[in-house]
Amino acid sequence: MKITKLPLKLRLVGWHFLSVTAAWSVAQPDLVAAERPNIVYIIADDLGYGDLGSYGQRLIRTPRLDRMAEEGMRFTQHYAGSSSCAPARSVLMTGLHTGHTRIRSNVGGKQNPLRPEDTAFPELLQAAGYATGGFGKWSLGDVGSTGAPWKKGFDLFFGYLDQTLAHRYYPEFLMRNEERVEIPENRGGRRGVYSPDLIVQEALRFVREHRERPFFVYLPVTLPHAELLVPEDSLAEYVDKWPEPKLFSGSGAYAAQDKPRAARAAMITRLDRDVGRLLDLLDELRLTEKTLVMFTSDNGAATAGGADPEFFKSSGPLRGLKFSFYEGGIRVPLIARWPSRIAQGVESPLVTDFCDVFPTFTELAGARPRAGLDGVSLVPTLLGIPAAQAPRAVFYWEHLGEQALRRGDWKIRRASVEQPVELFNLAQDVGETRNVAGQHPVIAAELTRLLALSRIDSAAFPNRPPAKKK
């Protein structure tokens, strides 16, 4: 069945200046004539801000993603929803930051999935006539829970429901909705079938099967997360390219790896290759002009599994890594390509985060609007009308006691409510090397006040460190 495509309409929310209204009135006729795009949203796992060539990486090859940046828009101040996987995904799906969203940490997430009242944006895309498929790592609810992806707007989900199982690249099974799909080649600890290959194959099949109607593909891949394993055909490119001074002997969660630098680099290049496979399929099906593709990461780079982000300068000029609210833990790449609508080679300094995905995608899909979100639609910026972009006052994060908030160029962070705050001016000090709270007490006091106002308490996810086991 072919579904008639509806016109794209851009809604106005909260304009404060007459110049914004004027910019919109000039641009509106073009936008009304546009069709609803297919949408592909790809999230890498533990990929740092500096891990792509287009963001300064010099050791790891990422040619397809670099080309994607050349053909579209590269955001330089985009933030993940949190500094770890489950809360980042909860922010993404609900459009609410971690002071408001349901899941605010990895701790206890499996026992506290998304609830029926936690609306996820794929539900609205599905209701608007989109075919919706998710492929990779979910983390927001398992089989039998209220947060399972098929209860949150996905026609099909294939991959890992449980983020703990997603630490393994050669699992004995994956899930297709509620069906357990066995992988006999991986039984008994064998490494026969690499799970990212299966996940990407399913995503490509979904695109082929739904090419005659608008579709949404959510691709939260597991590369290059934690366990540093990759097939030999990818590893060969980087073997013996660099010294390997820190061999990883293995742990309960991750396999041993005697070439951790080579393995992680190969995993990123393999991810880049997989993105290229998807872009090539869109070309083959003549869907490129009709499809918005966005690529990002769920948080900063990590050291787990023997990874060496310092060697690769994975955080670029930023301070910190995964699990930190310094910039290196939460600022991530964002590349957007839509050849018929987004100009080539554009760099956007707009400050954005995962909250903005919900209103952006529902706007593009012509779905019913939803009030009360923490994000705003980025459609004006994507379509080259920055003067019509709705502003956001603050960006907020919390996780196990740590809090951070950004307003304008100012960012405040504290490790816990018992600790003093740190204040940084990111325009002058993107590396967060100078705490200027003492020099700017009025600003520090105001942003400290906003830390308290930007959240509501959560019994399931209290903002404090987990209790130590006795």
Side-chain angles (χ1 to χ4, degrees), residues 41 43 45 80-127 132-168 171 173-181 195 199 216 218-222 225-226 253 298-299 323 354-355 357-358 361-362 370 372-375 397-400 455-467:
Y41 189 79
I43 306 182
D45 203 327
S82 187
S83 59
S84 62
C85 53
R89 286 159 171 75
S90 186
V91 171
L92 174 73
M93 285 291 146
T94 64
L96 302 172
H97 61 55
T98 44
H100 297 146
T101 198
R102 164 62 171 167
I103 298 173
R104 305 186 186 187
S105 77
N106 288 346
V107 178
K110 188 174 182 181
Q111 295 77 33
N112 292 287
L114 290 178
R115 303 159 299 185
E117 62 266 33
D118 298 320
T119 301
F121 74 81
E123 297 178 67
L124 304 188
L125 269 58
Q126 188 181 56
T132 54
F135 308 91
K137 183 171 84 173
W138 177 241
S139 304
L140 303 178
D142 212 327
V143 173
S145 80
T146 56
W150 50 92
K151 294 183 179 180
K152 292 299 168 187
F154 285 97
D155 301 324
L156 172 66
F157 181 85
F158 180 84
Y160 301 91
L161 295 174
D162 182 350
Q163 67 184 32
T164 302
L165 296 178
H167 289 194
R168 300 287 187 177
F173 71 95
L174 292 172
M175 300 298 295
R176 179 178 287 112
N177 286 357
E178 297 179 273
E179 173 193 0
R180 178 171 162 141
V181 179
S195 62
I199 288 165
F216 169 59
Y218 174 50
L219 194 54
V221 298
T222 53
H225 178 260
D298 64 346
N299 45 246
F323 298 122
F354 277 16
C355 294
V357 172
F358 190 131
F361 288 177
T362 52
R370 185 169 179 82
L373 301 178
D374 288 318
W397 303 266
E398 70 175 50
H399 182 250
L400 300 179
R455 66 180 307 276
I456 57 175
D457 289 332
S458 168
F461 294 92
N463 191 38
R464 60 174 181 264

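Keep in mind that what you see is a predicted model, and the values were worked out from it rather than measured. Numbers here simply count residues along the sequence, with the first being 1.
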Using modelled atom types only, decide if a donor and an acceptor are shared between the side chain of Trp150 and the backbone of Glu178 within a distance under 3.5 Å. no
Main chain of Arg104, side chain of Thr98: is a donor-acceptor contact present, judged purely on distance under 3.5 Å? no
Could you tell me which non-hydrogen atom of Thr101 sits nearest to which non-hydrogen atom of Thr94, and how far apart they are? OG1-OG1, 2.7 Å
Is Thr132 reaching over with its side chain to a backbone N or O of Pro122, donor-acceptor style, under 3.5 angstrom? no
Just do the side chain to side chain donor-acceptor pair (under 3.5 Å) check on Thr119 and Arg370 with the steps written out, would you? CA-CA 9 Å; Thr119 301; Arg370 185 169 179 82; 3.2 Å; yes
Do side-chain atoms of Asp374 reach the backbone of Cys355 as a donor and acceptor pair under 3.5 angstrom? no
Could you report the tightest heavy-atom contact between Tyr160 and Ser195, atom names first, then the distance? OH-OG, 2.8 Å
Using modelled atom types and a 3.5 Å cut-off, is there a donor and acceptor pairing between side-chain atoms of Asp457 and backbone atoms of Asn463? no
Output, in order, the C-alpha distance, side-chain angles, deciding distance and verdict of side-chain contact (heavy atoms from CB on, under 4.5 Å) for Leu400 and Phe323. CA-CA 10 Å; Leu400 300 179; Phe323 298 122; over 6 Å; no
Minimum-distance pair of heavy atoms, taken over all atoms of Leu156 and Phe135: CD2-CE2, 3.8 Å
How are the rings of Tyr218 and Tyr41 set to each other: parallel, tilted or perpendicular (split at 30° and 60°)? parallel
May I have the step-by-step check of side-chain contact (heavy atoms from CB on, under 4.5 Å) for His100 and Arg455, ending in yes or no? CA-CA 6 Å; His100 297 146; Arg455 66 180 307 276; 5.5 Å; no
For Cys85, which of Ile43, Asn106, Leu140 qualifies under side chain to side chain contact (heavy atoms under 4.5 Å, CB included)? Asn106
Using the six-membered ring wherever Trp is involved, compare the ring planes of Phe154 and Phe157 and label them parallel, tilted or perpendicular (cut-offs 30° and 60°). perpendicular
Is there a side-chain contact (heavy atoms from CB on, under 4.5 Å) between Lys152 and Met93? Walk through the geometry before answering. CA-CA 9 Å; Lys152 292 299 168 187; Met93 285 291 146; over 6 Å; no
Passes side-chain contact (heavy atoms from CB on, under 4.5 Å), Val91 versus Trp397? Steps please. CA-CA 10 Å; Val91 171; Trp397 303 266; over 6 Å; no
Taking every heavy atom of His167 against every heavy atom of His225, the minimum-distance pair comes out as CD2-CE1, 3.1 Å
If every non-hydrogen atom of Phe461 is compared with every non-hydrogen atom of Val107, which pair is closest and at what distance? CE2-O, 3.3 Å
Is there a donor-acceptor contact under 3.5 Å from the side chain of Ser82 to the main chain of Pro87? no
Pairs satisfying salt bridge (Lys or Arg N to Asp or Glu O under 4.0 Å), at least one member in residues 81-102, at least two apart: Asp45-Arg89, Arg89-Asp298
Donor-acceptor contact present, side-chain Ser105 to main-chain His399, <3.5 Å: no
Once rounded to the nearest 0.5 Å, what's the spacing between atom OG1 of Thr362 and atom CD of Glu123? 12.0 Å
Minimum-distance pair of heavy atoms, taken over all atoms of Val143 and Leu161: CG2-CD1, 3.6 Å
